[in-house]
**Student:** 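This structure is in structure tokens; I'll ask about it shortly.
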Protein chains: 4
Amino acid sequence: MAKANETTKTETSEVNAGHLRAFVERIERLEEEKKALSGDIKDVYGEAKANGFDVKIMRKIVSIRKQDRDSRIEEETILDLYLAALGMN
Amino acid sequence: MAKANETTKTETSEVNAGHLRAFVERIERLEEEKKALSGDIKDVYGEAKANGFDVKIMRKIVSIRKQDRDSRIEEETILDLYLAALGMN
Amino acid sequence: MAKANETTKTETSEVNAGHLRAFVERIERLEEEKKALSGDIKDVYGEAKANGFDVKIMRKIVSIRKQDRDSRIEEETILDLYLAALGMN
Amino acid sequence: MAKANETTKTETSEVNAGHLRAFVERIERLEEEKKALSGDIKDVYGEAKANGFDVKIMRKIVSIRKQDRDSRIEEETILDLYLAALGMN
DNA sequence: GCTACTCGGAAGGCGC
DNA sequence: GCGCCTTCCGAGTAGC
């Protein structure tokens with residue numbers, strides 16, 4: 001026990017520090033990938049522009065298509081809520 | 001020429017429509033991947049939390065480390081400018 | 001000029017301080033009003049609940065109605081964009 | 001009773017529908033007012049900016065003052081609790 | 001207590 | 001290059 005106690009606190013800190021560092025680095029790696037994707041998206045818009053498309057309109061199209069998907073999900077959600085409220089689920 | 005003109009406009013529209021659709025779908029695919037990564041990041045935070053770490057503090061750490069990196073880049077950029085101004089690049 | 005210079009700096013600071021304070025207080029007043037409205041909204045939901053309505057469903061209804069309005073605006077926006085792109089505005 | 005039963009359900013639905021609609025519209029009206037206030041606040045920041053003030057810093061000031069107020073309220077609440085515990089309220 | 005939603009602030013992209 | 005607008009992130013709040 002004595003020996004264990006001598007080292008426990010430090011070891012715990014070390015473990016926690018290493019553990020924490022691992023989590024932080026995993027997050028940073030994922031954020032790097034996200035950033036890269038953002039760059040890719042920007043590139044695609046640039047490519048489209050080079051092909052004569054209007055980027056502003058394209059963005060709106062993407063935005064509206066997204067809204068449509070979201071609305072569909074919302075409506076399904078409220079339908080579920082109604083069904084649940086009526087004890088029909 | 002006349003015959004060509006008859007079809008040109010429609011063909012062009014078709015080509016443009018297909019082209020546009022391709023760009024939009026590429027963008028949507030990339031945004032899907034971004035969204036997935038956001039989910040992964042959220043999961044990592046959740047995992048860290050389950051291991052006893054404080055998520056709010058972790059976010060601060062990640063944020064500060066990012067700022068430090070940005071500052072470093074900023075400083076390197078300024079350094080490059082100075083070196084260039086001195087003809088030392 | 002000399003006399004003006006004697007006081008200019010201090011006066012400017014005073015003016016700025018007073019000016020800044022005025023802006024800050026106007027903002028805080030407006031935020032107070034916003035907060036009061038949030039409270040009112042909460043009260044209405046509470047009242048509805050007391051009348052047997054399902055607050056969660058009500059929130060969804062309000063949310064969907066808002067989305068519908070937003071979608072309508074978005075669609076008008078993209079229509080305007082198309083018209084502008086075609087030189088028809 | 002039979003006659004009553006014939007109409008009760010429909011009447012109830014109608015009453016509920018009207019009632020629900022009234023609540024929803026009250027909420028939407030209040031949210032409109034909130035949105036208008038948000039616009040006013042934005043305008044004040046814009047006005048301050050036009051007068052040479054740094055908006056980002058102003059936001060920090062407002063935020064800090066709010067925290068201070070909250071802290072004060074928190075402290076008063078705790079004080080009240082102590083006083084109550086001591087039977088001195 | 002944890003999760004999900006909402007809101008305000010900050011950053012990035014676009015147009016003038 | 002600057003300002004505007006939209007988008008994204010973090011914080012606080014309400015519900016289960």
Side-chain angles (χ1 to χ4, degrees), chain A residues 27-28 30-31 34-35 37-46 48-49 53-64 66-67 70 73-74 77-78 80-81 84-85, chain B residues 27 30-31 34-35 37-39 41-43 45-47 49-50 52 54-64 66-67 70 74, chain C residues 27-28 30-31 34-35 37-39 41-46 48-49 54-60 62-64 66-67 70 73-74 77-78 81 84-85, chain D residues 27 30-31 34-35 37-39 41-43 45-46 49-50 54-64 66-67 70 74:
Chain A
I27 289 163
E28 287 173 344
L30 291 167
E31 289 190 344
K34 266 187 73 179
K35 192 178 174 184
L37 284 172
S38 294
D40 292 347
I41 291 169
K42 190 183 168 186
D43 291 345
V44 176
Y45 276 117
K49 185 176 186 176
F53 293 105
D54 183 312
V55 172
K56 189 171 176 182
I57 291 178
M58 284 185 66
R59 286 187 185 277
K60 272 285 171 226
I61 291 171
V62 170
S63 164
I64 287 175
K66 185 174 187 303
Q67 274 196 31
D70 292 347
I73 292 168
E74 283 274 90
T77 302
I78 201 169
D80 289 344
L81 285 174
Chain B
I27 289 163
L30 291 167
E31 289 189 345
K34 265 187 73 177
K35 191 178 174 185
L37 284 172
S38 294
I41 291 169
K42 190 183 169 188
D43 291 344
Y45 277 117
E47 202 181 326
K49 183 176 187 176
D54 183 311
V55 172
K56 188 173 174 181
I57 291 176
M58 284 185 66
R59 285 185 186 278
K60 275 265 177 275
I61 291 170
V62 170
S63 165
I64 289 170
K66 185 174 187 302
Q67 280 181 28
D70 292 347
E74 184 92 351
Chain C
I27 289 163
E28 287 172 346
L30 291 167
E31 289 190 345
K34 267 187 73 177
K35 192 179 175 184
L37 284 172
S38 294
I41 290 169
K42 192 182 168 187
D43 291 344
V44 176
Y45 277 117
K49 185 175 186 176
D54 183 312
V55 172
K56 189 172 177 181
I57 291 177
M58 283 185 66
R59 286 186 185 277
K60 274 284 173 226
V62 171
S63 164
I64 287 175
K66 184 174 187 304
Q67 274 196 33
D70 292 348
I73 292 167
E74 282 274 90
T77 302
I78 201 171
L81 285 174
Chain D
I27 288 163
L30 291 167
E31 289 189 346
K34 266 186 72 178
K35 191 178 174 184
L37 284 172
S38 294
I41 291 169
K42 189 183 169 188
D43 291 345
Y45 277 117
K49 184 177 188 176
D54 183 311
V55 171
K56 189 173 173 181
I57 291 177
M58 283 184 66
R59 286 186 186 278
K60 276 264 175 275
I61 291 171
V62 170
S63 166
I64 289 170
K66 184 174 187 304
Q67 281 181 27
D70 292 346
E74 184 91 349

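Reminder, nothing fancy here: chain letters follow the sequence lines and each chain counts from 1.
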**Student:** Can you tell me the distance, in whole Å, between the CG atom of D:Asp54 and the P atom of F:dG3?
**Tutor:** 12 Å
**Student:** Find the distance A:Ile64:CD1 to F:dT6:P and express it as a whole number of Å.
**Tutor:** 13 Å
**Student:** With a non-hydrogen cut-off below 4.0 angstrom, is B:Lys34 in contact with a base, only sugar-phosphate, or nothing?
**Tutor:**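 Sugar-phosphate, backbone atoms only, no base.
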**Student:** Is it the case that the side chain of A:Thr77 and the backbone of A:Ile73 share a donor-acceptor pair, with hydrogens and angles ignored and the cut-off at 3.5 Å?
**Tutor:** yes
**Student:** Roughly, in whole Å, what's the span from CD1 in C:Ile41 to C1' in E:dC5?
**Tutor:**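 Distance, rounded to whole Å: 15 Å.
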**Student:** For D:Ile57 and E:dA10, give me the distance from atom CD1 to atom P, rounded to whole Å.
**Tutor:**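 Roughly 11 Å, once rounded to whole Å.
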**Student:** Which whole-number value in Å describes the distance from B:Glu31 CD to E:dG13 C1'?
**Tutor:** 14 Å
**Student:** Restricting to side-chain hydrogen bond (donor to acceptor under 3.5 Å, both in side chains), what partner residues turn up for C:Lys66, sequence neighbours left out?
**Tutor:** C:Asp70
**Student:** Round to the nearest Å and state the distance from A:Tyr45 atom OH to F:dT6 atom P.
**Tutor:**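 The answer, rounded to whole Å, is 14 Å.
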**Student:** What are the two closest heavy atoms between A:Val44 and B:Leu30, and how far apart are they?
**Tutor:**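 Scanning both residues completely, I find the closest heavy atoms to be CG2-CD1, 3.8 Å.
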**Student:** Nearest whole Å is fine: how far is F:dT7 C1' from A:Asp70 CG?
**Tutor:**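 Roughly 14 Å, once rounded to whole Å.
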**Student:** Distances under 3.5 Å between protein N/O atoms and the N/O atoms of nucleotides 11-16 of chain F, please, pair by pair.
**Tutor:**
{"unit_1": "F:dG12", "atom_1": "OP2", "unit_2": "B:Lys56", "atom_2": "NZ", "d": "3.4"}

**Student:** Working to the nearest 0.5 Å, report the span between CE of C:Met58 and CG of A:Leu81.
**Tutor:**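 C:Met58 CE to A:Leu81 CG: 13.0 Å, rounded to 0.5 Å.
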**Student:** Calculate the interatomic distance between A:Leu37 atom CG and F:dC8 atom P; express it in whole Å.
**Tutor:**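 Distance, rounded to whole Å: 12 Å.
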**Student:** Partners of A:Glu31 by side-chain hydrogen bond (donor to acceptor under 3.5 Å, both in side chains), sequence neighbours excluded?
**Tutor:** none
**Student:** So what does A:Lys35 hit on the nucleic acid, given a heavy-atom distance under 4.0 Å: a base, only sugar-phosphate, or nothing?
**Tutor:**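 Nothing, no nucleic acid heavy atom in range.
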**Student:** If I compare all heavy atoms of D:Val62 with all of D:Tyr45, which pair ends up nearest, and what's the gap?
**Tutor:**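 In terms of heavy atoms, the two residues are closest at CG2-OH, 3.7 Å.
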